[in-house]
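Since the structure comes first, as structure tokens, the remarks are kept for the end.
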Amino acid sequence: MCGITGWISFDRDLRGEAATLDAMTETMACRGPDDRGVWAEGPAALGHRRLAIIDLPGGRQPMTADTSEGTVALVYSGETYNFPELRAELAERGHRFGTDSDTEVVLRGYLEWGDAVAERLNGMYAFAVWDGRYDKLVMIRDRMGIKPFYYHPTPDGVLFGSEPKAILANPLVRRRVTLDGLRELFSFVKTPGHAVWDGMREVEPGTVVTVDRTGRRTRAYWRLSTRPHHDDRDTTVATVRTLLDDIVRRQLVADVPRCTLLSGGLDSSAMTALAARQLGEQGEKVRSFAVDFAGQTDRFVADELRATPDTPFVHDVAEAADTDHQDIVLDAHTLADPDVRAKVLRARDLPAGFGDMDFSLYLLFRSIRDHSTVALSGESADEVFGGYQQFFDEGARNADTFPWLAHYARDFGDDGDVMRPDLARALDLPAYIADGYRTAVTGIERLDGESDFEYRMRRMCHLHLTRFVRVLLDRKDRMSMAVGLEVRVPFCDHRLVEYVYNTPWSLKSFDGREKSLLREATADLLPKSVYDRVKSPYPSTQDPAYATALRGHVRDLLARPGHPVFDLVDRERVREAAHRVTPVSTQAARRGLERTLDLALWLDLYRPEIVTG
């Protein structure tokens, strides 16, 4: 796992732009604390920060290959889990390797197959190849969008980076956000390719973007497609288990300490139990970590979103799987620390967070990094197997909009509580969301003879796997890489995603519950308490001291009436929201205050030009 950046300028020799390239590269230092490297030749300049995971001494980047027609240079972020098989195939084709790293396998794979190498990779990756033989840049992103990848066209080329901050470090780029960027920021729909910052784009998941002197071309090498499912229930369950066994085994490969993230829910518990069994076969124990809040289990109050605290279930799994377990217990003072908010916002580059859930995730990862460099996560199982409440809500099922929006404001709050009315009118978020939804469902294939209900559920699954999951994957990547921790997501393996996506909903929920296939496929590994547990999202603090601190920070901001945040939020609405928040207010009730503080800090740190006209 690493941070990559680069600059292609066909009208200049970038060897004279070392200072700018260094500045772009250093913005990625947190993603790659172990090493740095830069490379420039003619119109191309590449930068890399490395988090060493495989072949610690041999995987330095940028990595180059000299050919008779020119140099081919690579900067790569991520992991390719099937690199041993690809390495063997390439060796049979005559390639010789100087390292044991997966990076060199990807480089040699590109030399052999060109950008079609993407179709052979199993993993999470974002990489760029400067092909000096043809003076072109090739940018490739993994199928599910696990690793972030941004680019910004320029008059004579392109800038790119793992995160916007790398691109924003180049003086060619204006830190500008228009109404369209604000719509994306406030709508919670994650439009493919949209990057919020004006002129900036994401390399879309499953896509190759090629830039040369003639312009820019985009090719999708993977899409979530529809195909018939012929397996019966027992075969489907067995296939899911076989895939999970293989996926976890591959993703445990590392030359550094590994661990799992354990919440006590079905997803992380199944993944942890699989990892524990596999490492146990090698005489090793898996380390597991869970987040908790001081006193939360004792004073937990159930609500519609979370019926039970995590910790008792976490401990059941840790005991059953015999993990080396540690709870990371956080207090309200640490969660509310403005310095933590600043670190989280810098990690995300945008005020698009989840309040205390982001802060606790960042602090969890920071603590884990003292013990491990690689962590396996249960992220994305809800999208793959159908775990969210909206999958079982008739209103969400039948709504002509993104199904998670049916629950979002109720569960997590609404920015409209504090937004300036004139800005809300200019944004017209309902129209933006409606347009996005129509675009998102266009082209979702329907099987011949598929019932209206099954097709409706197929559309819900497709939207979660191509839109919603990317919000959570980006969050996890940014929070983990901010502290140099690589988080792997086994449930995002494209083989599993394709197989389960095409499983009818009647099989996905054959016992009338969420994630029936996953539960049954791992039933032999799970404590009964976890097998029977109802889905519970990532926890949010219920400590009254957190809400009290939040109100204090907002009062301090309200004492600065000239702050530019009040061009976006209504000062009196914020004041009223602060009065409504009490020490026992829910996460949803705190939303407006969290958003206001994030916006204010973003404006202070990034100084963006906001264009609302």
Side-chain angles (χ1 to χ4, degrees), residues 229 233-234 236-237 239-241 243-244 261-274 302-310 312-314 316-317 377-399 402-408 410-412 453-469 471-473 489-493 496-497 499-540:
H229 183 85
R233 180 196 297 181
D234 289 345
T236 301
V237 169
T239 302
V240 168
R241 177 58 177 268
L243 284 167
L244 288 173
L261 308 178
L262 179 58
S263 72
L266 175 60
D267 317 336
S268 66
S269 299
M271 180 270 302
T272 295
L274 284 166
D303 57 29
E304 290 186 7
L305 200 59
R306 301 174 179 90
T308 51
D310 285 347
F313 300 91
V314 166
D316 286 351
V317 175
S377 165
E379 191 79 84
S380 308
D382 286 307
E383 290 80 7
V384 174
F385 290 98
Y388 294 116
Q389 290 180 1
Q390 55 262 29
F391 283 105
F392 299 86
D393 182 317
E394 284 300 319
R397 284 172 168 177
N398 295 310
F402 297 99
W404 52 89
L405 295 183
H407 290 277
Y408 183 76
R410 184 195 73 191
D411 295 335
F412 297 104
F453 174 75
E454 281 288 353
Y455 181 55
R456 169 64 68 174
M457 298 311 296
R458 178 182 295 280
R459 286 169 60 162
M460 285 190 75
C461 292
H462 194 283
L463 290 170
H464 280 83
L465 289 166
T466 59
R467 299 298 181 102
F468 188 75
V469 73
V471 175
L472 302 182
L473 289 173
V489 279
F491 292 110
C492 275
D493 185 291
L496 180 69
V497 170
Y499 184 77
V500 178
Y501 170 67
N502 282 295
T503 302
W505 183 254
S506 58
L507 273 180
K508 288 190 180 79
S509 58
F510 65 78
D511 59 2
R513 302 182 60 190
E514 77 279 2
K515 294 179 285 194
S516 306
L517 289 175
L518 176 59
R519 182 179 292 101
E520 195 63 25
T522 56
D524 61 309
L525 302 172
L526 300 172
K528 189 176 187 305
S529 60
V530 173
Y531 183 90
D532 292 335
R533 190 185 185 194
V534 175
K535 160 72 181 173
S536 183
Y538 183 87
S540 177

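These numbers come from the heavy atoms of this one structure, side chains and all, not from hydrogens, waters or symmetry mates. Start at 1 with the first residue, then count along the sequence. No experiment lies behind these values; they were computed from the predicted model shown.
Formation of a donor-acceptor pair under 3.5 Å by the R241 side chain with backbone atoms of E520 is not found in this model. R533 places a side-chain N or O within 3.5 Å of a backbone atom of G264 that can act as its donor or acceptor partner. Under the 3.5 Å distance criterion, the side-chain polar atoms of S263 are left unmatched by any main-chain donor or acceptor of S268. Although no hydrogens or angles enter the test, the distance criterion places a donor-acceptor pair under 3.5 Å between the side chain of K508 and the main chain of V500. A donor-acceptor pair is defined here as one N or O able to donate and one able to accept, closer than 3.5 Å; such a pair exists between the side chain of R456 and the backbone of R397. Distance alone, capped at 3.5 Å, places no donor-acceptor pair between the S269 side chain and the L266 backbone. A donor-acceptor distance shorter than 3.5 angstrom exists from the side chain of N398 to the backbone of E394, with no hydrogens or angles considered. Side chain of S516 to backbone of G512: no donor-acceptor contact under 3.5 angstrom is found. Side chain of E454 to main chain of W505: a donor-acceptor pair is present (N/O by atom type, distance under 3.5 Å, no hydrogens or angles).
Between F491 and V497 there is no side-chain heavy-atom pair separated by less than 4.5 Å. Here the side chains of E514 and R519 are in contact, with some heavy-atom distance below 4.5 Å. You'll find the side chain of S540 reaches within 4.5 Å of the side chain of R306, heavy atoms only. Residues D493 and L243 fail the side-chain proximity criterion, which asks for heavy atoms closer than 4.5 Å.
Side chain to side chain, Y388 and E383 meet the donor-acceptor criterion of an N or O pair below 3.5 Å.
Remark: R233 is positioned above the aromatic ring of F510, its terminal NZ or CZ atom under 6.0 angstrom from the ring centre and at most 45 degrees off the axis.
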